[in-house]
Amino acid sequence: MALTYRDLLSIDDLAEADMQGIFSRAAAHFDRNREASKRIGALSGRTVVNLFFEPSTRTLLSFDIAAKRLDADAATLPLDQSSLKKGESFDDTIHTVGAMRPDIVVIRHGEHEALQRAAGLLEPSVVNAGSGARHHPTQALLDAFTLTRRWGSLEGKRILICGDIVRSRVAGSNIALLRKLGAEVRLAGPAAFLPKKTTASTFNDFGAALEGADAVMMLRIQHERALGGADAPALEDYVRDWRLDAARLGKAKPDALVLHPGPMNRGVEITGEIADGERSLIREQVESGVAVRMAVMEWALGIEI
Ligand code: CP
C-alpha cells in the first residue's frame, strides 16, 4: 500500500481546506487533551523523529507529546551529543535518520534552505518546527486556532503584531496565515525591526497601531539573530516605547486579547501584569500547540478520521 507523506515547510503548503481540516481535528484533540485519557491510536505503529538544531521548549516538547498522544513512537536526537560533533555532515545525518524508516521528521533549523534540503533527501514527511527568520507554520496555526476558539472566525479582525518583526519566523508565518483567514494584520515596532517590504500595514507609533486592535501579539527581540544595525534602539528606549503595559493595552478594543508565542522576556516587551492578566491567551497558546501539532501530523500522513 502506498503511504501518504506530505511536507509542511511553510504556510504556502496549506490550502484553505487543509487549514480548516487541521483546525477541526485540533478542536477535537484540544477537548480530549483535557480529559484523563488523552491517547488515541491514529498514528499507532508510526514513528516520529525530532531534529532540533536550535533550542526549544514549547515546540519540541509539544511535538513529542503530540506524537505520543497519537500513539506513535517518538524519538528526539540530542544534536549536541550527535555525530555532527564528530564531523558528520548535515546530509549524512539526514540520510542516517531516513534509513531508520521514520514516518515524520520534525526539524528546527536556523536556515530555511536546510529544511528544503532535508525534504528533498527524505521520503517521510518533513514538518517545519521553525526555520530561518520567516517560517514557523505550526506556531502560526496554533495562534490562529487559539483565536478561532474565541471568535469563531478571524474574518475582519484587526490583529497587531509588535516587536522584532524582521527577524521573527513567528511573524513571517502569522502574516501569511492571518491574512489568508481574512484578518487585517498590522505590524508595529522601531524602524530597525520592521520589514522593508510587506503586504501588512506598518506603524512606528505603538499607540496609533493599537487603535481598534482585536488582538495584540507581542514578540521578543531576537538577540541570537543579531540586532538590526546602528539604528536598532537601546534596550531602555525599547522598553519605554514598545513594552505592552495596561495603559497601552487600553488603546486597543476593550476586550482585546493578548498573545505571545514565547519565550517571553518579562519586563522588556510585555509586563508581567499583562502576561498573566485575564486577557492573556499565552498559556492557552501552549495548550493549543499540542492539539494543533497532533492534527498537523495526521494531515502529514493523510490520516482522515
Ligand atoms: N514559540 C516557540 O517556538 O517557542 P520555543 O522556541 O520554546 O519552541
Side-chain angles (χ1 to χ4, degrees), residues 8-11 22 26 30 33 48-69 74-80 104-112 114-115 126-147 149 159-178 189 193 215-226 244 257-266 268-270 274-276 280-297:
L8 176 59
L9 301 188
S10 88
I11 287 298
I22 287 169
F30 189 98
N33 285 340
V48 177
V49 171
N50 293 311
L51 294 183
F52 278 59
F53 294 84
E54 289 187 340
S56 169
T57 296
R58 280 148 285 269
T59 313
L60 175 56
L61 195 54
S62 63
F63 268 112
D64 192 40
I65 290 172
K68 287 168 176 154
R69 290 206 178 146
T76 298
L77 177 63
L79 282 160
D80 56 350
I104 300 177
V105 183
V106 180
I107 304 179
R108 171 170 287 191
H109 200 286
E111 304 290 336
H112 186 63
L115 267 284
V126 171
V127 175
N128 188 345
S131 64
R134 289 180 55 80
H135 299 284
H136 198 345
T138 61
Q139 178 70 45
L141 285 165
L142 76 87
D143 293 336
F145 172 77
T146 305
L147 291 172
R149 269 177 44 80
I159 300 171
L160 171 63
I161 305 176
C162 179
D164 187 1
I165 312 285
V166 77
R167 277 165 289 275
S168 169
R169 49 180 64 151
V170 175
S173 284
N174 260 302
I175 293 166
L177 180 61
L178 294 172
F193 289 178
V216 187
M217 179 184 297
M218 299 305 297
L219 303 174
R220 72 185 173 92
I221 301 174
Q222 304 265 321
H223 292 289
E224 72 275 29
R225 279 175 240 294
L244 185 65
L257 300 169
V258 175
L259 300 104
H260 194 308
M264 272 188 292
N265 292 131
R266 284 171 184 261
V268 178
E269 71 271 13
I270 190 167
I274 296 299
D276 299 329
S280 169
L281 296 179
I282 294 169
R283 291 192 191 119
E284 192 173 313
Q285 287 172 268
V286 177
E287 186 174 1
S288 296
V290 177
V292 165
R293 287 167 177 135
M294 291 171 79
V296 164
M297 287 196 272

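One-based numbering, in listed order, for ligands and for the atoms of each. Computation of the quantities below employed the complete heavy-atom set of this structure, encompassing side-chain atoms and omitting hydrogens, waters and symmetry-equivalent molecules.
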request  = Do me a favour and list the nearest non-hydrogen protein atom to atom 4 (O) of ligand 1 with residue, atom name and distance?
outcome  = Arg58 NE, 3.0 Å

task = If you have a sec, work out which protein heavy atom is nearest atom 2 (C) of ligand 1 and how many Å separate them, to one decimal?
result = Thr59 OG1, 3.6 Å

Region of Arg108 that comes within reach of ligand 1 [heavy atoms, distance under 4.0 Å] = side chain

query = Quick one: does His136 get a heavy atom under 4.0 Å from ligand 1?
reply = yes

inquiry  = On a heavy-atom basis, which atom in Asn265 and which in Glu269 lie closest, and how many Å separate them?
reply    = N-OE2, 3.0 Å

Side chain proximity check, His112 to Asn128, heavy atoms < 4.5 angstrom =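 A side-chain contact under 4.5 Å exists here.
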
inquiry  = Is any side-chain heavy atom of Leu259 closer than 4.5 Å to one of Leu147?
reply    = yes

message = Show me which atoms of ligand 1 lie under 4.0 Å from any heavy atom of Thr57.
response =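 Checking each atom against Thr57, I get 5 (P), 7 (O), 8 (O).
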
query = Only one of Leu141, Val106, Ile104 clears side-chain contact (heavy atoms from CB on, under 4.5 Å) with Val296; which?
reply = Leu141

query = Just distances here: any N/O of Pro261 and N/O of ligand 1 closer than 3.5 Å?
reply = yes

message = Using a plain distance cutoff, I'd like to know if Gly262 has any nitrogen or oxygen under 3.5 Å from a nitrogen or oxygen of ligand 1.
response = yes

query = Would you call Arg293 and Asp64 a salt bridge, using N to O less than 4.0 angstrom?
reply =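 Between Asp64 and Arg293 there is no salt bridge, as every charged N stays at least 4.0 Å from the carboxylate O atoms.
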
request  = Determine, for Glu287 against Arg149, whether the closest basic-nitrogen to carboxylate-oxygen distance falls under 4.0 angstrom.
outcome  = no

